Colleague: 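Attaching a single structure in structure tokens format; questions to follow.
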Amino acid sequence: MSVSHRRATHLIAHADAGAAEPEPAAEPAPESEDAVASADAEEGEAEAAVAVAVAEEEEEPAPKRKPKFGEIIAILNKQFIEEAEKVKVLPDLRPGDIIELRMQRPNKRRLSLFKGIIIAKHKSGVHTTIRVRRIIAGVGVEITFPIYSPRIKEIKVIRRKKVRRAKLYYLKHKLPRFSTFK
């Protein structure tokens with residue numbers, strides 16, 4: 001027996017196995033109309049039974065797959081952000097906004113005030129941060145704040161500047177008057 005012959009018989013066996021029902025041997029033709037009607041009724045009932053069986057197979061729910069780690073973290077991030085927005089209202093923060101930020105320092109009761117321009121915003125769910133720049137005593141100071149931190153009590157947008165960049169790092173090399181605010 002050659003290999004090609006074996007494969008051909010193998011394929012034929014699979015084709016026969018996939019058939020729903022083997023065809024019966026030649027049956028005598030029905031002689032009357034009643035016999036034809038009853039044969040049609042039997043075929044209709046058989047087709048209906050097959051359709052019901054197929055419908056039952058489709059209705060069975062597929063087994064639930066185990067969620068991936070990234071999906072779990074995304075759900076937790078979304079829940080945390082929703083809860084944080086219930087506690088404090090965050091304005092729409094964009095690069096170029098001049099903001100006033102009140103935050104509580106560790107082991108202090110009073111709130112510290114920091115006013116500056118947002119030069120960058122990094123979006124990463126719960127860990128979203130903004131980088132704020134200001135000139136203090138002639139020295140440029142940049143501080144990165146996590147906006148969902150419980151230590152940040154209030155963020156207020158004072159003025160919006162129209163900018164065409166997502167990151168305003170070029171302000172580091174400009175004159176100090178671009179990063180100074182009254």
Side-chain angles (χ1 to χ4, degrees), residues 11 14-15 18 20 47-48 50-182:
L11 292 175
H14 270 308
E47 289 175 3
V50 169
V52 169
V54 169
E56 288 176 0
E57 289 177 6
E58 291 175 359
E59 289 177 7
E60 292 179 13
K64 291 186 177 182
R65 66 174 180 82
K66 186 175 179 181
K68 295 182 180 177
F69 182 74
E71 294 171 352
I72 294 170
I73 295 299
I75 292 168
L76 292 175
N77 276 340
K78 194 178 291 185
Q79 289 175 353
F80 183 83
I81 289 172
E82 289 171 358
E83 289 177 17
E85 288 176 348
K86 289 178 186 175
V87 174
K88 65 179 174 186
V89 178
L90 289 174
D92 180 33
L93 300 172
R94 292 180 282 182
D97 290 352
I98 298 170
I99 63 167
E100 193 175 86
L101 190 133
R102 296 185 188 275
M103 66 177 292
Q104 187 175 9
R105 294 283 180 181
N107 302 324
K108 305 268 183 170
R109 292 193 120 189
R110 67 181 189 87
L111 298 177
S112 298
L113 178 70
F114 190 84
K115 186 176 180 182
I117 185 168
I118 298 176
I119 62 170
K121 182 176 181 180
H122 298 278
K123 296 181 182 179
S124 58
V126 176
H127 308 290
T128 300
T129 59
I130 54 173
R131 183 172 287 186
V132 182
R133 179 176 173 82
R134 179 167 185 185
I135 303 294
I136 300 175
V139 179
V141 177
E142 292 180 8
I143 301 177
T144 303
F145 296 103
I147 63 173
Y148 293 108
S149 171
R151 291 189 179 181
I152 294 180
K153 299 302 179 189
E154 180 186 7
I155 300 176
K156 191 179 346 175
V157 177
I158 296 179
R159 194 169 75 227
R160 295 190 186 277
K161 283 189 171 182
K162 183 179 178 185
V163 295
R164 294 184 175 189
R165 303 278 183 276
K167 308 287 189 247
L168 306 179
Y169 294 128
Y170 66 87
L171 290 178
K172 296 177 185 180
H173 307 294
K174 293 286 185 181
L175 293 173
R177 66 186 167 113
F178 293 111
S179 299
T180 308
F181 313 103
K182 293 181 180 178

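Please read all numbers here as calculations on a predicted model, not as lab measurements.
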Colleague: Which atoms form the tightest heavy-atom contact between Pro95 and Ala166, and what is the distance?
Modeller: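 Minimum heavy-atom contact is CG-O, 3.0 Å.
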Colleague: Is the number of heavy atoms from other residues, nucleotides or ligands within 6.0 Å of CZ (Arg165) greater than 12?
Modeller: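 Check fails, neighbour count at 12 or below.
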Colleague: I need the minimum non-hydrogen distance between Ile119 and Leu171, along with the two atoms involved.
Modeller: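 That would be CG2-CD1, 4.0 Å.
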Colleague: Is it the case that the side chain of Lys167 and the backbone of Lys121 share a donor-acceptor pair, with hydrogens and angles ignored and the cut-off at 3.5 Å?
Modeller: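 The answer is yes, because a donor-acceptor pair under 3.5 Å joins these two groups.
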Colleague: May I ask you to decide if Val87's main-chain N or O and Glu83's side chain share a donor-acceptor pair within less than 3.5 Å?
Modeller: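 No.
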Colleague: So, for Glu100 and Arg102, which heavy atoms are closest and what is the spacing to 0.1 Å?
Modeller: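 Closest approach of Glu100 to Arg102, heavy atoms only: OE1-NH2, 3.6 Å.
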Colleague: So, does Lys153 use its side chain to make a donor-acceptor pair with the main chain of Leu111 at under 3.5 Å?
Modeller: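 Here the side-chain-to-backbone pair does not exist.
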Colleague: Would you compute the distance between atom CD1 of Ile147 and atom NE2 of His122 and round it to the nearest 0.5 angstrom?
Modeller: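 Those atoms lie 12.0 Å apart.
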Colleague: What are the two closest heavy atoms between Lys161 and Arg159, and how far apart are they?
Modeller: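 Reported closest heavy-atom pair: CE-NH2, 3.8 Å.
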Colleague: Heavy-atom distance under 4.5 Å between the side chains of Pro150 and Gln104, does that happen here?
Modeller: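 Pro150 does not reach Gln104 side chain to side chain.
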Colleague: Does Ile143 reach the side chain of Leu101, with side-chain heavy atoms less than 4.5 Å apart?
Modeller: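 No - every pair of side-chain heavy atoms lies 4.5 Å or more apart.
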Colleague: Evaluate Phe114 against Arg134 for side-chain contact (heavy atoms from CB on, under 4.5 Å), listing each step before the verdict.
Modeller: CA-CA 9 Å; Phe114 190 84; Arg134 179 167 185 185; 4.1 Å; yes
Colleague: Using a strict threshold of under 4.0 Å (side-chain N to carboxylate O), is an ion pair present between Glu142 and Arg133?
Modeller: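 Salt bridge: yes.
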Colleague: Can you tell me how far the NE2 atom of His127 sits from the CZ atom of Phe80, to the nearest 0.5 Å?
Modeller: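 Answer for the NE2-CZ pair, His127 versus Phe80, is 8.5 Å.
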Colleague: Hey, is NZ on Lys172 packed in by over 12 heavy atoms from elsewhere, all under 6.0 Å?
Modeller: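 Enclosed.
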Colleague: Closest approach of Asp92 and Val157, non-hydrogen atoms and distance?
Modeller: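 Shortest heavy-atom contact: O-CG2, 4.4 Å.
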Colleague: Could you give the distance from CD1 (Ile118) to CG (Leu93), rounded to the nearest 0.5 Å?
Modeller: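 It comes to 4.5 Å.
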Colleague: When you measure from the side chain of Lys88 to the backbone of Ile152, do you find a donor-acceptor pair of N or O atoms at a distance under 3.5 Å?
Modeller: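 Checked: pair present.
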Colleague: Heavy atoms only: give me the nearest Tyr148-Gly125 pair and the separation to one decimal.
Modeller: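 Minimum heavy-atom contact is CE1-O, 3.5 Å.
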Colleague: Checking Thr128 against Ile81 for the side-chain contact (heavy atoms from CB on, under 4.5 Å) test, could you report, in this order, the C-alpha distance in whole Å, the side-chain angles of both residues, the deciding distance, and whether it holds?
Modeller: CA-CA 10 Å; Thr128 300; Ile81 289 172; 5.8 Å; no
